There are 2 protein chains.
Amino acid sequence: MLGRNYGQGYLLTRNIAQKENIPKKFLEQILLELKHARFVNSKQGVGGGYYLIKKPKDISVADVYRLFDGAIALVPCVSLNFYEKCDDCKNEKECLLHDEFIKIREGARVVMSKTTIQSFLQHDKKRKK
Amino acid sequence: MLGRNYGQGYLLTRNIAQKENIPKKFLEQILLELKHARFVNSKQGVGGGYYLIKKPKDISVADVYRLFDGAIALVPCVSLNFYEKCDDCKNEKECLLHDEFIKIREGARVVMSKTTIQSFLQHDKKRKK
DNA sequence: TATATTGTCTACTTATTTGATAGAATTTAT
DNA sequence: ATAAATTCTATCAAATAAGTAGACAATATA
């Protein structure tokens, strides 16, 4: 909804909640998190609400996934954005899993980065025809 | 270790635990789950232990991931092996996320299916040179 | 400036999952 | 018979997920 409404003013939490069938209070928290991550902005008071700051084509599924679910990698030791050293594994260079898990991360990362809010909206448009 | 030992008899939980730095009791449960899923087989008593049933090339990361972590898809409504209908979403056909999420699932699924125990072993071999 | 409207923030709840731990029971080779 | 293994069931503590609740702050406008 925020994507479809891009550049067209404020959307009320109440309206999004109703239309998308999400508990209002729950949605508020999600929107707040999106605001802190600078994907959306908001205004309080009468005539306020939320709107998308970034262009739909500049918000990827990877971005949103990282915000709410964290690392795309299956193990922290091959994560780009959430790297952590393994506890069990003694040395990363010698680990036989490491390089293959990087390939898997790349498979997931690439497709999740290519897919954006814009992708969803384009798809939506095609359906409507 | 089970992969490297393929076709060469039984491995003791005790030895795997020690070498791979995994609590023995925890490893036991993992091996048991692998047995129930028919990836490994075991024998009790003296001279017993665990061994891989399937060929290393026939066990993919996708297989193991599904066993321990469940669906590869980001949302159940596009999952091949763990399909569930959305609660929120009214009709799947009209959902603008659906087809794009299938593409994402395919990106992840393909790379996870291509990577097998054999891939890790080959990598291991190369390293040793 | 009072008021209704709307977002902000913090705390809490309930259920599930994760990463184990513990111990008794069972099987098997010798 | 016995020692060595796996098998099974129960339990636990900590973290996470999904959502609820309510006080608080900002803002337009009448």
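These numbers come from a predicted model, not from an experiment. In what follows, chains are A, B, ... by sequence order, proteins preceding strands, each numbered from 1.
- Shown for residues 30-40 of chain A: no residue has heavy atoms falling under 4.0 angstrom of DNA chain D.
- What separates CG of Leu27(B) from P of dT6(D) is a distance of 9 Å, to the nearest Å.
- In this structure, the salt bridge (charged side-chain N to carboxylate O under 4.0 Å, His left out) partners of Lys24(B), at least two apart in sequence or on a different chain, are Glu28(B).
- Residue Tyr50(B) places at least one side-chain N or O closer than 4.0 Å to OP1 or OP2 of dT7(D).
- Between Ser42(B) and dA5(D) there is no side-chain polar atom (N or O) within less than 4.0 angstrom of OP1 or OP2.
- Every residue two or more places apart in sequence or in another chain that forms a ring pair (Phe, Tyr, Trp, His ring centres under 6.0 Å) with Phe101(B) is listed here: Phe120(A).
- For the pair Leu12(B) CG and dT7(D) P, the interatomic distance rounds to 12 Å; values are reported in whole Å.
- Atom CD1 of Ile22(B) and atom P of dT18(C) are 17 Å apart (whole Å).
- Partners of Tyr83(B) under the side-chain hydrogen bond (donor to acceptor under 3.5 Å, both in side chains) rule, at least two apart in sequence or in another chain, are Glu92(B).
- Both Val75(B) and Leu96(B) are assigned to one and the same hydrophobic cluster, defined by single-linkage of ILVMFWY side chains at heavy-atom distances under 4.5 Å.
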Under 4.0 Å protein heavy-atom contacts per nucleotide of nucleotides 17-30 of chain D, with B for base, S for backbone only and - for none: -SBBBBB-BBBS--
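- Partners of Asn41(A) by side-chain contact (heavy atoms from CB on, under 4.5 Å), not counting sequence neighbours, listed by chain and number: Lys35(A), Tyr51(A), Ile53(A).
- Between atom CG of residue Asn5(A) and atom CG of residue Leu52(A) there is a gap of 9.0 Å, rounded to the nearest 0.5 Å.
- Arg66(B) is linked by a side-chain contact (heavy atoms from CB on, under 4.5 Å) to Ala62(B), Asp63(B), Ile72(B), Asn81(B), Phe82(B), Arg109(B), counting only residues two or more places apart in sequence or in another chain.
- A heavy atom lying under 4.0 Å from DNA chain D marks none of the residues of residues 78-85 of chain B.
- Scored by the side-chain contact (heavy atoms from CB on, under 4.5 Å) test, Leu27(A) finds Thr13(A), Ile16(A), Ala17(A), Ile22(A), Leu31(A) as partners (sequence neighbours excluded).
- Taking the salt bridge (charged side-chain N to carboxylate O under 4.0 Å, His left out) definition, one finds that Lys103(B) meets it with Glu100(B), sequence neighbours left out.
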Less than 3.5 Å apart, which donor and acceptor atoms pair up between the side chains of residues 43-50 of chain A and the rest of the protein, not counting sequence neighbours?
none

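- Evaluation of the side-chain contact (heavy atoms from CB on, under 4.5 Å) rule for Lys54(A) yields Phe39(A), Ile59(A) as partners, not counting sequence neighbours.
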